[in-house]
Protein chains: 2
Amino acid sequence: MNEFNEYFKSAFTVDNVIFGFDEGDLKVLLINRGEEPYKGKWALPGYFVYPTEDLDAAAKRVLEELTGLRNVYLEQVKTFGAVNRHPFGRVITVAYFSLIKISHYTIQPSSIAKKAKWHSISKVEDLAFDHMEILNACFHRLKWLVRSRPVGFELLPPKFTLTELQHLYEAILETELDKRNFRKKILSMNLLIDLDETQEGVAHRPARLYKFDKEKYEKFLAEGFSFELKESKKKEKKPRKKARANVAS
Amino acid sequence: MNEFNEYFKSAFTVDNVIFGFDEGDLKVLLINRGEEPYKGKWALPGYFVYPTEDLDAAAKRVLEELTGLRNVYLEQVKTFGAVNRHPFGRVITVAYFSLIKISHYTIQPSSIAKKAKWHSISKVEDLAFDHMEILNACFHRLKWLVRSRPVGFELLPPKFTLTELQHLYEAILETELDKRNFRKKILSMNLLIDLDETQEGVAHRPARLYKFDKEKYEKFLAEGFSFELKESKKKEKKPRKKARANVAS
DNA sequence: GGGAATTAGTGTAAACTATACACTAGCCAG
DNA sequence: CTGGCTAGTGTATAGTTTACACTAATTCCC
């Protein structure tokens, strides 16, 4: 045990990139720092990991204290431990991201939550510490995730239209998708339940509402299925390759 | 700073899953523990992160002290911090994996290295601590990696045959691949340089030797290309799907 | 109440990619 | 010089991805 004491010298935290989707924009929940260092700057919500607390539990706690939400999609992404990432000492942080439905989010009475605000991810810049790097790592992971698993549902309200779903994917992937191909792909997965309801109060033809088929989704995960979404090349107008790579040497 | 002292209570380590490839088998370098806890059991090489050392640097150090190798493929995978994962106290560990060429590995004089041994990954079981879980996580990541990037080269000697390369992929993916399709795919990436040499001293038609085109590989990474390798279904004999998913509702 | 505005919803053909599959080539050993 | 062994090679078919444009349903405005 002697060796141990010598290395009991790092503070250990979690930071949580909380994604939401609203008004067609992918958003992230940030805290305005009330104290040094980086006072007044925006930062990711995070806190120390308690000595008797698992890492995932710490990330969940941070999330719940801020949003009041439990049972949320949460994933560990990467650990950041550059020696000088915190000016006051050695702080190693495990980055998580979570996906929540903004419609379910209500400001919590905690002091931290009062300083929280949603920011469009495309407009975020200049965060405290190395949080920009952390945000980018999590955003990158989310992009990857969304291409291989239909996690988009975690960010949408229980009932949604296909166009909303498409806009969500477009916001995450930062690209445009072809409407017909998107629908083909999504519907062919059989993970949507057509609710036989339509939108109300919109000044155009109302769209059908769908919900997400949780049961099939579990199966989907268990079987390790995956799917791919590819960018529409509509705008690029570049001609297709005619020749195939010649395999013979 | 007061808050800090209260949480300076965790020991912080890195563990390194060092993969190699030899005799057609994917291997991992393990250390036989000379002390409690888990004395006599096999464990992943790892050590404390020094207070003035970045995480990646710590992982590199562990690797170099053990194998003498530098400039090796190294990737952070996941952080493990269950409260009771170490019986002597709270120890949070960042798992890395590295890919090395076993042919370049020589036993180092360090005391740790003398207790190191390569183990076929398929036969490893019952490691110390939660190292089995860590190994699995890293193996899983490697499988994923190898499907999207041609990192296999990191594990092979500078000159290799296509069959060796295929065996490597089969060992990592734990599946069989179709010889012709594998060659087509690999060669179509144009990342191999045909050395116009052949094997010597084999009791059969000698195979051509290739080396890896580092320059093109860098480009490949920069452009974010990816490729996919899929399992041969030769043995399964299951009929192909005839009907396509019907998109119309 | 009719037309303009707006978004929903739908199919197909062509390009591309993945798959299954079997024989000949070249070397060594006996 | 034959048998044993692994290297090396092509093609046809199934399946997937892509590009692309019009009609349908509703509200709003006049």
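Proteins come first, then strands; the chains are lettered A, B, ... in the order of their sequence lines, and each starts at number 1.
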> Is any N or O donor-acceptor pair between the side chain of A:Lys184 and the base of C:dT10 shorter than 3.5 Å?
Replying inline: no

> Side chain of B:Arg208: nearest nucleotide among D:dC20, C:dT19, D:dG8?
Replying inline: D:dG8

> Under 4.0 Å between a side-chain N/O of B:Lys185 and OP1 or OP2 of C:dA18, yes or no?
Replying inline: yes

Ring pair (Phe, Tyr, Trp, His ring centres under 6.0 Å) against [X], all qualifying residues, sequence neighbours excluded:
X: A:Phe139; value: none
X: A:Tyr217; value: A:Phe212
X: A:Phe21; value: none

Please report the distance, rounded to the nearest Å, between [atom1] in [X] and [atom2] in [N].
X: A:Arg183; N: C:dT12; atom1: CZ; atom2: C1'; answer: 17 Å
X: A:Leu209; N: C:dA8; atom1: CG; atom2: C1'; answer: 12 Å
X: A:Gln199; N: C:dT6; atom1: CD; atom2: P; answer: 16 Å
X: B:Asp178; N: D:dG10; atom1: CG; atom2: P; answer: 15 Å
X: A:Phe182; N: D:dT18; atom1: CZ; atom2: P; answer: 14 Å

>> Please give me every residue in residues 156-167 of chain A whose heavy atoms get under 4.0 Å of an atom in DNA chain C, ordered by residue number.
In response: A:Thr163

>> Just to verify, what does A:Thr163 make a side-chain hydrogen bond (donor to acceptor under 3.5 Å, both in side chains) with, not counting sequence neighbours?
In response: A:Arg183

>> Any carboxylate oxygen within less than 4.0 angstrom of a Lys/Arg side-chain nitrogen, looking at A:Glu197 and A:Lys159?
In response: yes

>> Between A:Asp194 and A:Lys211 (salt bridge meaning N to carboxylate O under 4.0 Å), is one present in this structure?
In response: no

> Along nucleotides 22-30 of chain C, 5' to 3', which nucleotides get a B, which get an S, and which get a -, given that the test is a protein heavy-atom distance under 4.0 Å?
Replying inline: B--BBBS--

> Got a sec, which pairs hit side-chain hydrogen bond (donor to acceptor under 3.5 Å, both in side chains) with one end in residues 97-107 of chain A, sequence neighbours left out?
Replying inline: A:Asn16-A:Ser98

Return all side-chain donor-acceptor pairs below 3.5 angstrom for residues 166-173 of chain A, not counting sequence neighbours, or 'none' if the list is empty.
unit_1   : atom_1 : unit_2   : atom_2 : d
A:Gln166 : NE2    : A:Glu170 : OE2    : 3.0
A:Gln166 : NE2    : A:Leu177 : O      : 2.9
A:His167 : ND1    : A:Glu170 : OE1    : 3.4
A:Glu170 : OE2    : A:Leu177 : N      : 2.9

> Relative to the 5' end of DNA chain C, which residue comes earlier, B:Asn181 or A:Thr198, by the nucleotide with the nearest heavy atom?
Replying inline: A:Thr198

> Who are the salt bridge (Lys or Arg N to Asp or Glu O under 4.0 Å) partners of B:Glu200, not counting sequence neighbours?
Replying inline: none

